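See structure below.
Atoms considered below: every heavy atom in the structure, side chains included; atoms not considered: hydrogens, waters and symmetry mates. Computed from a predicted model, the values in this text were never measured in an experiment. In this chain, numbering begins with 1 at the start of the sequence shown.
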Amino acid sequence: MKAIMVMFDSLNRHMLPPYGGDWTHAPNFARLAACATTFEHCYAGSMPCMPARREIHTGRYNFLHRSWGPLEPFDDSMPELLKQNGVYTHLVSDHPHYWEDGGATYHGRYNTWEFFRGQEGDPWKGRVADPEMPEDLKRMRHTIYRQDWVNRAYMDTEAKHPQTLTFDAGLEFVRTNAAQDRWFVQIETFDPHEPFFTHKQYKDLYPHDYDGPHFDWPDYKRVTETPQQVDHARYEYAALLSMCDHSLGRVLDTMDELGLWEDTLLIVCTDHGLLLGEKGWWGKSVQPWYNELVHLPLFVWDPRADAAGERREALVQTIDLAPTLLEYFGLDRPADMRGIPLNSGTTRQAGLFGIHGGHVNVTDGRYVYMRAPASAANAPLHEHTLMPTHMRGRFSPAELADIELAEPFSFTKGVRTIRVPGRTFVNAHHFGTLLFDLEADPEQRAPILDDAAELRMAGLLVELMRANDAPAGQYERLGLPATGPVTHEHLLVRAQLDRAEQSAHPLPRPEDYPEGRLSLRTPVKALITDPVAVEILRRHVPGIVDSELLQMLGATPLIDVAAMAGGLLPPPRLRAIAEELAEL
């Protein structure tokens with residue numbers, strides 16, 4: 001018994017031929033669908049990258065209790081459980097977040113691992129002089145933007161691309177160990193995550209006229225670019241997707257060559273999708289978690305079942321991958337796991353998904369219910385962790401100043417976590433509570449008002465929150481009962497309808513605001529060097545001068561931060577800031 005998991009990052013389901021994508025060049029995904037089971041209703045759970053990977057290890061949701069971070073001391077890790085029970089586990093990846101503070105405990109759970117450098121501004125090659133950088137539409141030009149242009153010079157051929165090196169190493173492991181039994185290899189590439197860096201032979205698959213600035217790395221924000229620029233970025237993504245398809249084909253070829261279909265489980269999956277102009281947005285994390293982001297592709301070949309070419313309608317989630325692999329190797333899943341083995345025949349009625357501090361969402365496959373915070377305070381919100389790190393940094397002493405010990409949760413094995421105030425860059429209250437009927441509106445263009453449907457979906461949401469031992473503060477934050485039934489008094493779609501409508505309005509243009517020595521066009525890092533301007537920011541946008549946010553936003557003009565941040569900087573607040581800055 002052997003298992004291979006091929007994992008991509010930000011792989012868009014709706015752009016793949018097996019799911020109706022009719023303009024991308026991805027023949028190996030079509031080939032995969034013909035020889036595996038294609039899941040029609042696979043949903044993400046916790047977003048984005050490392051929260052999703054914690055779910056792959058633990059088989060339980062991450063986002064209700066904490067944000068991005070490492071595995072916790074009390075977590076059951078699927079690769080580690082396999083390793084402890086005689087299954088050799090190996091990870092090959094070019095995903096840089098594994099080697100940052102916020103992901104540092106994942107790769108050590110495998111017997112062995114390999115890492116390939118260079119993706120998305122990975123701090124890899126050292127160069128003091130600035131690299132040559134073209135005119136670019138990207139506005140968030142923080143440290144990793146510069147580093148990415150340093151790295152690209154060392155990836156000038158497909159053979160040197162970290163995706164290629166990752167699949168080279170993964171297939172080397174497969175060939176070396178094909179005659180052995182009881183092993184699991186995870187071949188994981190960061191692609192097609194942005195930046196959409198690939199090579200000419202893939203770009204040539206998508207000929208189009210474009211003479212604008214370089215644009216293969218959209219910021220996470222509202223679309224402000226021209227239609228031609230939007231189309232160009234989509235073609236750049238498609239080119240990288242086609243490179244991923246080529247790498248997938250190499251895996252399928254190897255399975256054919258070595259006869260692995262008879263005794264090898266194959267899982268092909270992703271963590272989430274990416275908005276490429278749909279609904280007027282780029283990226284993820286700053287807008288509601290629409291289906292383009294959470295309705296995922298999933299393909300599985302289980303050699304114990306004759307299911308080639310099948311399509312399954314069951315509602316499945318990322319948390320199901322860990323129990324699937326444990327069951328395949330004959331291991332019992334820990335009681336803390338909430339996922340269900342994909343071949344168990346057991347179906348779930350509904351599934352949760354979301355990001356810490358954002359909407360808490362639930363779907364039953366037909367309806368999607370996005371529950372926003374009940375008030376603009378988005379409180380109480382707490383981090384519950386024993387590993388206080390963010391993506392690229394540790395919690396600051398100021399964040400830990402009011403540290404408390406929480407009572408144990410059902411999955412912490414009797415251990416108390418620390419509890420500290422949480423924070424979010426985007427307040428989901430800005431978007432309001434939304435309800436979609438996917439049967440009538442599969443593209444989620446028009447949220448509906450339906451009290452009966454909302455009541456049922458809110459009941460499912462609360463039921464799943466309780467089953468996953470959500471912190472008490474989450475119920476209060478969302479205006480839902482921690483005990484007892486959900487009633488009509490708890491419904492929010494109608495009450496927050498104005499917020500949903502206002503959030504769809506475009507931001508005014510920069511020239512519509514007053515300007516002076518400092519203005520909304522001034523980068524944030526320049527504003528904070530002025531002793532008066534920094535106090536204006538502290539008063540109107542608490543938290544924006546925190547170190548981690550500055551690392552991300554420092555070079556970005558405040559008007560572009562508003563395009564990224566949704567309700568953090570609504571037009572009235574922007575105008576107040578602009579007027580105060582203009583007086584300096």
Side-chain angles (χ1 to χ4, degrees), residues 4-44 47-49 52 163 166-167 187-194 196 198 201-203 205-206 216 230-231 233-253 255 266-279 282-284 289-301 307-318 320-321 342 353 363 365 438 442-444:
I4 300 170
M5 184 164 76
V6 178
M7 185 173 181
F8 299 96
D9 193 299
S10 306
L11 182 64
N12 278 333
R13 174 188 190 274
H14 61 286
M15 295 176 73
L16 299 179
Y19 291 105
D22 59 3
W23 64 275
T24 56
H25 183 84
N28 290 300
F29 278 100
R31 175 183 167 195
L32 172 64
C35 59
T37 297
T38 301
F39 285 81
E40 297 281 14
H41 298 291
C42 177
Y43 273 78
M47 274 77 62
C49 300
Q163 180 191 147
T166 296
F167 278 83
I187 305 173
E188 178 183 343
T189 180
F190 193 60
D191 294 325
H193 191 288
E194 76 282 348
F196 312 137
T198 189
Q201 63 267 39
Y202 299 107
K203 296 179 187 293
L205 295 170
Y206 304 94
D216 67 3
V230 171
D231 287 345
R234 289 173 65 83
Y235 287 131
E236 294 286 87
Y237 174 92
L240 187 53
L241 182 149
S242 292
M243 183 179 179
C244 293
D245 180 82
H246 173 71
S247 295
L248 172 65
R250 296 175 61 197
V251 175
L252 302 182
D253 290 344
M255 292 189 68
L266 174 65
I267 298 172
V268 178
C269 61
T270 189
D271 49 0
H272 50 69
L274 191 74
L275 283 164
L276 294 168
E278 298 92 347
K279 301 187 177 60
W282 294 112
K284 60 183 187 287
W289 290 92
Y290 296 114
N291 267 10
E292 289 90 348
L293 298 170
V294 297
H295 193 187
L296 307 182
L298 176 64
F299 306 90
V300 177
W301 166 252
E310 285 192 4
R311 301 184 79 95
R312 293 191 185 169
E313 298 288 336
L315 178 60
V316 301
Q317 290 197 270
T318 304
D320 297 333
L321 296 178
L342 292 171
F353 59 91
T363 184
L438 301 181
E443 294 185 358
Q444 295 175 299

(request) Test Leu241 against Leu11 for side-chain contact (heavy atoms from CB on, under 4.5 Å), laying out the working first. (result) CA-CA 8 Å; Leu241 182 149; Leu11 182 64; 4.2 Å; yes
OH (Tyr290) and CD (Gln444) are apart, to the nearest 0.5 Å, by 7.5 Å
When every non-hydrogen atom of Leu16 is compared with those of Asn12, the smallest separation belongs to CG-O, 3.5 Å
Residues Ala33 and Phe299: closest non-hydrogen pair is CB-CE2, 4.1 Å
For Gly273 and Leu296, the nearest pair of non-hydrogen atoms, with its separation, is N-CD2, 4.0 Å
Do Tyr206 and Tyr237 make the cut of ring centroids closer than 6.0 angstrom? no
Worksheet entry | Student check: side-chain heavy atoms of Pro297 and Phe8 closer than 4.5 Å | no
### Close side-chain approach of Trp282 to Val230, heavy-atom, < 4.5 Å
yes
dist Tyr43:OH -> Arg13:CZ (nearest 0.5 Å) comes out at 8.0 Å
**Asked** Side-chain contact, heavy-atom cut-off 4.5 Å: Phe29 with Thr24?
**Response** no
Kindly determine whether Arg312 and His41 satisfy side-chain contact (heavy atoms from CB on, under 4.5 Å), including the steps that lead there.
CA-CA 8 Å; Arg312 293 191 185 169; His41 298 291; over 6 Å; no
Any donor-acceptor pair under 3.5 Å linking the side chain of Ser242 with the backbone of His25? yes
side-chain contact (heavy atoms from CB on, under 4.5 Å) between Val6 and Phe167, intermediate numbers included = CA-CA 9 Å; Val6 178; Phe167 278 83; 3.9 Å; yes
* Please say whether more than 12 non-hydrogen atoms of neighbouring residues, nucleotides or ligands are located less than 6.0 Å from CD in Glu443. => no
Heavy atoms of Thr318 and Ala44 approach each other most closely as OG1-CA, 3.6 Å
Between Gln201 and Leu205 the two heavy atoms that sit nearest each other are O-CG, 3.7 Å
| message | Before you tell me yes or no, could you show the steps for Met15 and Trp23 under side-chain contact (heavy atoms from CB on, under 4.5 Å), namely the whole-Å CA-CA distance, both residues' side-chain angles and the distance that decides it to 0.1 Å? | response | CA-CA 8 Å; Met15 295 176 73; Trp23 64 275; 3.3 Å; yes
message = Counting C-beta onward and ignoring hydrogens, is there a side-chain heavy-atom pair between Leu240 and Glu236 closer than 4.5 Å?
response = no
Separation between CG (Asp191) and CG (Asp9), nearest 0.5 Å, reads 8.5 Å
>> Would you say that Glu194 contacts Leu276 through its side chain, given a criterion of any heavy-atom pair below 4.5 Å between the two side chains?
In response: no
Quiz item: Under a 4.5 Å cut-off applied to non-hydrogen side-chain atoms, are Glu40 and Tyr19 in contact?
Solution: yes
Handout entry: Test item: Thr198 and Asp216 side chains (from C-beta on) under 4.5 Å apart, heavy atoms
Key = no
Quiz item: Can you find a pair of side-chain heavy atoms, one from Met255 and one from Leu266, that are under 4.5 Å apart?
Solution: yes
So CZ of Phe39 and CD of Gln317: to nearest 0.5 Å the spacing works out to 13.0 Å
N/O donor-acceptor pair under 3.5 Å between Thr166 side chain and Thr189 backbone: no
Shortest non-hydrogen pair, Leu315 vs Gly365, comes out as CD2-N, 4.3 Å
Distance col, row Asn28:CG vs Ser247:OG, nearest 0.5 angstrom, shows 9.5 Å
dist Met7:CE -> Asp271:CG (nearest 0.5 Å) comes out at 4.5 Å
In His272, Lys284, Lys279, the residue satisfying side chain to side chain donor-acceptor pair (under 3.5 Å) with Glu292 is Lys279
